[in-house]
Number of protein chains: 2
Amino acid sequence: MKHESFNESIEMYLKTVSELAAGNDLAPISALAERLGVSTVSATEMVHRLCEKGLLDHTPYKGVSLTEDGRRRAQRVIRRHRLWECFLVDYLNLPWEKVHDYACRLEHATDTAVTEALAAFLNNPQTCPHGNPIPSADGAVTAVRDTALSDLQPGDHGTITRIHPESELLLDYLAARHILPGQPLEFEELAPFNGPLMIKIDGETHALGQEIAAHIFTEPAHDTL
Amino acid sequence: MKHESFNESIEMYLKTVSELAAGNDLAPISALAERLGVSTVSATEMVHRLCEKGLLDHTPYKGVSLTEDGRRRAQRVIRRHRLWECFLVDYLNLPWEKVHDYACRLEHATDTAVTEALAAFLNNPQTCPHGNPIPSADGAVTAVRDTALSDLQPGDHGTITRIHPESELLLDYLAARHILPGQPLEFEELAPFNGPLMIKIDGETHALGQEIAAHIFTEPAHDTL
DNA sequence: TTAAGGTTTTAGGTAAGCCTTAAAATAAAC
DNA sequence: GTTTATTTTAAGGCTTACCTAAAACCTTAA
């Protein structure tokens, strides 16, 4: 009766660090705090606790990163999360943009035995409905080599591979516009002064802000056939 | 980040009261405390909080019962619990005696939308794998009219209908002896001095203590054809 | 009717996770 | 090198849910 809620916060911190420190660099505590909806002071406290537990490394004034232990733990949570997302979409027919939040709750309440039985039931899917890779049971992650939409150049063509990191607000926005993994797109033009990217998807052109574009990953289409 | 664990304790208390007060009588706080693995002081404190919230009624020195609100809330948790059990057994092929504990964690992390989608996916099952009825979405419970094994007389025949209340220890014990819902049984004799019940199931005779017998419910076979 | 036994309250504590406000340390930018 | 912004510490608090120990209180049965 104490253990459960105990883990929950820890798991959220580890998962978030994992998301923020995707490029192997340090995740600033301020960013952590913001994503978790917590004051920077509280986040700093918690980071200390997690450092003591050997789950995080903290470089003062720079940010935090996961230790090997923390990484494995985070990957296990992410695995559970994405497997549940697959189930919720493919079997329960719940909406693509809602399952992230549902899975966020289930992920902390799922035994390893359940996780692995679920993986087998689902036939060991490789990605979640939002395109993100599902870590293997031992915590290994498939490296992805896609490009953020925000890193493409006007004129580029590509196909959406995944949305990352996910949040309900973002997914709602994207779902309403059919901006989903698998969709081909064309980067028509970039408005000046850090303006939006004009992106043609599914026959329509959308103005996407820089911030949103950084959450959309693509596989560029090669002009060379 | 606060709400989740918040609900968890409340839900466990309500669920437990519902289990203990099956016969419409009051559940003593001491029994509540024992089942929850908590001191009576803590249980008393929590009962006060739940009374203030209008979920429980407390008759001092007697025990507690659920208000209509509390009842509905408890039934909703139980519904989620039993639906998960069905899924875990029927689709993930997890062991009958283990799924109770797995479901105990999932039940507090499941949105209503997920619950109802799951119910539809499972084709609205009426009972959990341990034979207990699954409350309907609006909190209605099917009345069961079966008899505790401890209330049968030597010589009686019957069929096991359900195990209630469940606990992993009990389920492990029963699973190892094939004492499962659907099994026919014969009450051979009752040992004197509150001794065990000699019960013939699946070709073998088992000595079951009074306490265990109170957890096994049966549908007596009528001699009158 | 009184003593025994169970129940409840009171008092005093713990731990995790959060909060705020304010001051100090450091990094970055000019 | 000074200013500005960010980070970290420090101090004091809150809530939930648990604990022990001791006192007060009901109920019941001898």
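Below, chain A is the first sequence line, B the second, and so on; all start at residue 1. All values reported here derive from a predicted model rather than from experimental measurement.
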Worksheet item: Quick check, are the ring centers of Tyr91(A) and Tyr91(B) under 6.0 angstrom apart?
Response: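 No, too far apart.
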Worksheet item: So, Phe87(A) versus Phe87(B), ring centres under 6.0 angstrom or not?
Response: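 Ring-ring flag for Phe87(A)/Phe87(B): true, centres closer than 6.0 Å.
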Practice prompt. Taking Thr127(A) for its side chain and Pro133(A) for its backbone only, find out whether a donor-acceptor pair lies under 3.5 Å.
Written response: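 Looks like no, no N/O pair under 3.5 Å.
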Worksheet item: Would you say the side-chain atoms of Arg79(B) pair up with the backbone N or O of Pro135(B), donor to acceptor, closer than 3.5 Å?
Response: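 Checked: pair present.
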May I ask you to verify if any side-chain N or O of [X] is less than 4.0 angstrom from the OP1 or OP2 atom of [N]?
| X | N | value |
| --- | --- | --- |
| His58(B) | dT7(C) | no |
| Ser9(A) | dC18(C) | yes |
| Ser39(A) | dC19(C) | yes |
| Arg49(A) | dA16(C) | no |

Discussion item. His108(A) and side-chain hydrogen bond (donor to acceptor under 3.5 Å, both in side chains): which single residue from Arg80(A), Glu11(A), Glu8(A) fits?
Written reply: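 Going through the options one by one, the only one that passes is Glu11(A).
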Worksheet item: If you count the non-hydrogen atoms of other residues, nucleotides and ligands that lie under 6.0 Å from CD in Glu34(A), is the total more than 12?
Response: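 Not buried by this count: 12 neighbours or fewer within 6.0 Å.
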Discussion item. With a 6.0 Å cut-off (strictly less than), is the heavy-atom count around CD of Glu211(B), excluding the residue itself, greater than 12?
Written reply: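 Atom CD in Glu211(B) is not crowded, with 12 or fewer foreign heavy atoms closer than 6.0 Å.
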Worksheet item: Base, backbone or nothing for each nucleotide of nucleotides 25-30 of chain D, written B, S, -, heavy atoms under 4.0 angstrom, 5' to 3'?
Response: BS----
Donor on one side chain, acceptor on other, [X] and [Y], under 3.5 Å:
| X | Y | answer |
| --- | --- | --- |
| Ser136(A) | Asp138(A) | yes |
| Glu85(B) | His130(B) | yes |
| Thr112(A) | Thr115(A) | no |

Discussion item. If you only use heavy atoms from C-beta on, which nucleotide in dT8(D), dC19(D), dC19(C) is closest to the side chain of Ser42(B)?
Written reply: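 Nearest nucleotide to the side chain: dC19(D).
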Worksheet entry | Residue Ile29(B), side-chain atoms from C-beta onward, closest of dT8(D), dT8(C), dC18(D) |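 Of the options given, the side chain of Ile29(B) lies nearest dT8(C).
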Worksheet item: Given that Thr40(B) and Glu45(B) both sit by DNA chain C, which one's nearest nucleotide is further toward the 5' end?
Response: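 Closer to the 5' end of DNA chain C: Thr40(B).
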Practice prompt. Have a look at Gly63(A) and say if it touches a base, only the backbone sugar-phosphate, or nothing, with a 4.0 Å heavy-atom cut-off.
Written response: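 The residue Gly63(A) makes no contact with any strand.
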Tell me: [atom1] of [X] to [atom2] of [N], nearest whole Å?
| X | N | atom1 | atom2 | answer |
| --- | --- | --- | --- | --- |
| Asn7(A) | dA16(C) | CG | C1' | 12 Å |
| Glu34(A) | dT6(D) | CD | P | 12 Å |
| Glu52(B) | dT15(D) | CD | C1' | 14 Å |
| Met46(A) | dA15(C) | CE | P | 16 Å |
| Leu32(A) | dC18(C) | CG | P | 11 Å |
| Leu14(B) | dA17(D) | CG | P | 12 Å |
| His48(B) | dT15(D) | NE2 | P | 19 Å |
| Glu8(B) | dA17(D) | CD | P | 10 Å |

Practice prompt. Just report the end-to-end axis angle for the helix from dT1(C)-dA30(D) to dC30(C)-dG1(D), five pairs per end, to 10 degrees.
Written response: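 Comparing the first five pairs with the last five, the axes sit 0° apart.
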Worksheet item: 5'-most contact on DNA chain D: Val41(A) or Val41(B), nearest heavy atom basis?
Response: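 Going by which nucleotide is closer to the 5' end, it is Val41(A).
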